[in-house]
Student: 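My structure is below; once you've seen it, I'll send some questions.
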Amino acid sequence: QVQPVESGGGSVQPGGSLTLACQLSAAAYRGKCVAWFRQTDGTEREAVASIYTAGGQARYADSVKGRFFMSGDSVQSSVTLIMNNLKPEDTAVYYCAASPRPCWNFERWSARLYEYWGQGTQVTVSS
């Protein structure tokens, strides 16, 4: 199985927290870039966080910096996105994506890099 599988979406009030998980195959995880994207109706997919699974720190979009935290587990071949202090503008379908090869930092934010996409999980932030 190459396609990532997300879990953990749902509905939460503003200021709340959610944790998303993404399970990948060992081959899809090892030595690749893995990212979380989000998308709302009529917009392009926006990268919010990414890691290079062979090392280095996670990087974040300015819109989520300080609120979202991404980590990887090389034993489980999985990634997690902890989302704190959620805002209504965080409402979107969130996708986990993996690159087919190691990547440069400048490539991480482009959806074109990523070949393997999960089915998406809905996150709704509303009072």
Side-chain angles (χ1 to χ4, degrees):
Q1 174 186 346
V2 178
Q3 183 181 17
V5 179
E6 305 104 335
S7 60
S11 296
V12 65
Q13 293 187 341
S17 299
L18 283 174
T19 297
L20 304 183
C22 176
Q23 183 66 54
L24 301 101
S25 67
Y29 180 92
R30 188 170 53 247
K32 308 297 193 302
C33 281
V34 180
W36 287 98
F37 283 75
R38 65 186 181 187
Q39 186 175 30
T40 57
D41 289 345
T43 66
E44 292 187 357
R45 289 185 183 183
E46 171 197 22
V48 297
S50 72
I51 61 170
Y52 176 48
T53 61
Q57 295 182 334
R59 295 172 182 257
Y60 302 95
D62 288 343
S63 58
V64 306
K65 200 171 293 183
R67 299 188 298 121
F68 288 17
F69 301 94
M70 182 177 183
S71 60
D73 184 330
S74 60
V75 175
Q76 300 293 332
S77 298
S78 64
V79 298
T80 299
L81 183 68
I82 298 173
M83 305 183 293
N84 296 323
N85 191 21
L86 283 160
K87 304 176 181 180
E89 52 263 43
D90 295 318
T91 295
V93 178
Y94 284 71
Y95 297 89
C96 177
S99 66
R101 56 173 174 76
C103 67
W104 297 101
N105 285 335
F106 74 89
E107 298 181 286
R108 295 188 183 193
W109 306 106
S110 172
R112 289 176 294 180
L113 168 69
Y114 298 90
E115 186 169 312
Y116 309 112
W117 292 84
Q119 79 285 356
T121 185
Q122 177 70 46
V123 171
T124 301
V125 185
S126 173
S127 55

Student: Taking atom CD as the centre, does Glu44 end up with more than 12 heavy-atom neighbours from other residues, nucleotides or ligands that are less than 6.0 angstrom away?
Tutor: no

Student: Do Cys22 and Pro4 have side-chain heavy atoms sitting under 4.5 Å apart?
Tutor: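 Contact flag for Cys22/Pro4 side chains = yes.
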
Student: Taking Glu115 for its side chain and Arg101 for its backbone only, find out whether a donor-acceptor pair lies under 3.5 Å.
Tutor: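 Absent.
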
Student: Quick one: does any side-chain atom of Thr91 pair with a main-chain N or O of Pro88 as donor and acceptor, under 3.5 Å?
Tutor: yes

Student: Quick check: does any side chain N or O of Tyr29 sit under 3.5 Å from a backbone N or O of Val75, one acting as donor and the other as acceptor?
Tutor: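 Such a contact is absent between Tyr29 side chain and Val75 backbone.
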
Student: Within the structure provided, determine whether Cys96 and Val34 are in side-chain contact (heavy-atom separation under 4.5 Å).
Tutor: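 In contact.
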
Student: Checking Glu6 against Gln119 for the side-chain contact (heavy atoms from CB on, under 4.5 Å) test, could you report, in this order, the C-alpha distance in whole Å, the side-chain angles of both residues, the deciding distance, and whether it holds?
Tutor: CA-CA 7 Å; Glu6 305 104 335; Gln119 79 285 356; 2.9 Å; yes

Student: Of Tyr114, Tyr94, Tyr95, which meets ring-ring contact (aromatic ring centres under 6.0 Å, His included) against Phe37?
Tutor: Tyr114

Student: State, to 0.1 Å, how close Ser99 and Leu113 come at their nearest heavy-atom pair, and which atoms those are.
Tutor: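 Closest approach of Ser99 to Leu113: CB-CG, 3.9 Å.
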
Student: Taking atom OG of Ser77 and atom CG of Leu24, what is their separation to the nearest 0.5 Å?
Tutor: 7.0 Å

Student: Do you know the tightest heavy-atom contact between Val12 and Ser17?
Tutor: CG2-N, 3.9 Å

Student: Is the shortest side-chain heavy-atom distance between Arg30 and Ser74 below 4.5 Å?
Tutor: no

Student: Less than 4.5 Å apart, side chain to side chain, heavy atoms only: is that true for Val123 and Leu20?
Tutor: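 Heavy-atom side-chain distance check passes, below 4.5 Å.
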
Student: Show the numbers, then the answer: is there a side-chain contact (heavy atoms from CB on, under 4.5 Å) between Val64 and Met83?
Tutor: CA-CA 8 Å; Val64 306; Met83 305 183 293; over 6 Å; no

Student: Is Lys87 paired with Asp90 through a side-chain N to carboxylate O contact shorter than 4.0 Å?
Tutor: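 No salt bridge links Asp90 with Lys87.
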
Student: Looking at Arg38 and Ala92, what are the two nearest heavy atoms and their distance?
Tutor: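 Nearest pair, atom of Arg38 first, then Ala92: CB-CB, 3.7 Å.
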
Student: Assess whether side-chain contact (heavy atoms from CB on, under 4.5 Å) is satisfied between Ser50 and Trp36, documenting all intermediate values.
Tutor: CA-CA 6 Å; Ser50 72; Trp36 287 98; over 6 Å; no

Student: Please tell me whether Val79 and Trp109 are part of a single hydrophobic cluster in this structure, the criterion being side-chain heavy atoms less than 4.5 Å apart.
Tutor: no

Student: Is there a side-chain contact (heavy atoms from CB on, under 4.5 Å) between Thr53 and Ile51? Walk through the geometry before answering.
Tutor: CA-CA 6 Å; Thr53 61; Ile51 61 170; 4.1 Å; yes

Student: Any non-hydrogen side-chain atom of Glu46 less than 4.5 Å from a side-chain atom of Ser63?
Tutor: yes

Student: Counting C-beta onward and ignoring hydrogens, is there a side-chain heavy-atom pair between Arg108 and Tyr52 closer than 4.5 Å?
Tutor: yes

Student: Please check: side-chain N/O of Thr80 versus main-chain N/O of Ser71, any donor-acceptor pairing under 3.5 Å?
Tutor: no

Student: About how many Å separate CG of Leu81 and CZ of Phe69, when rounded to the nearest 0.5 Å?
Tutor: 10.0 Å

Student: Can you find a heavy atom in the side chain of Arg45 that is under 4.5 Å from one in the side chain of Trp117?
Tutor: yes

Student: Quick one: does Ser25's side chain have a donor or acceptor within less than 3.5 Å of a partner on Ala28's backbone?
Tutor: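 Yes.
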
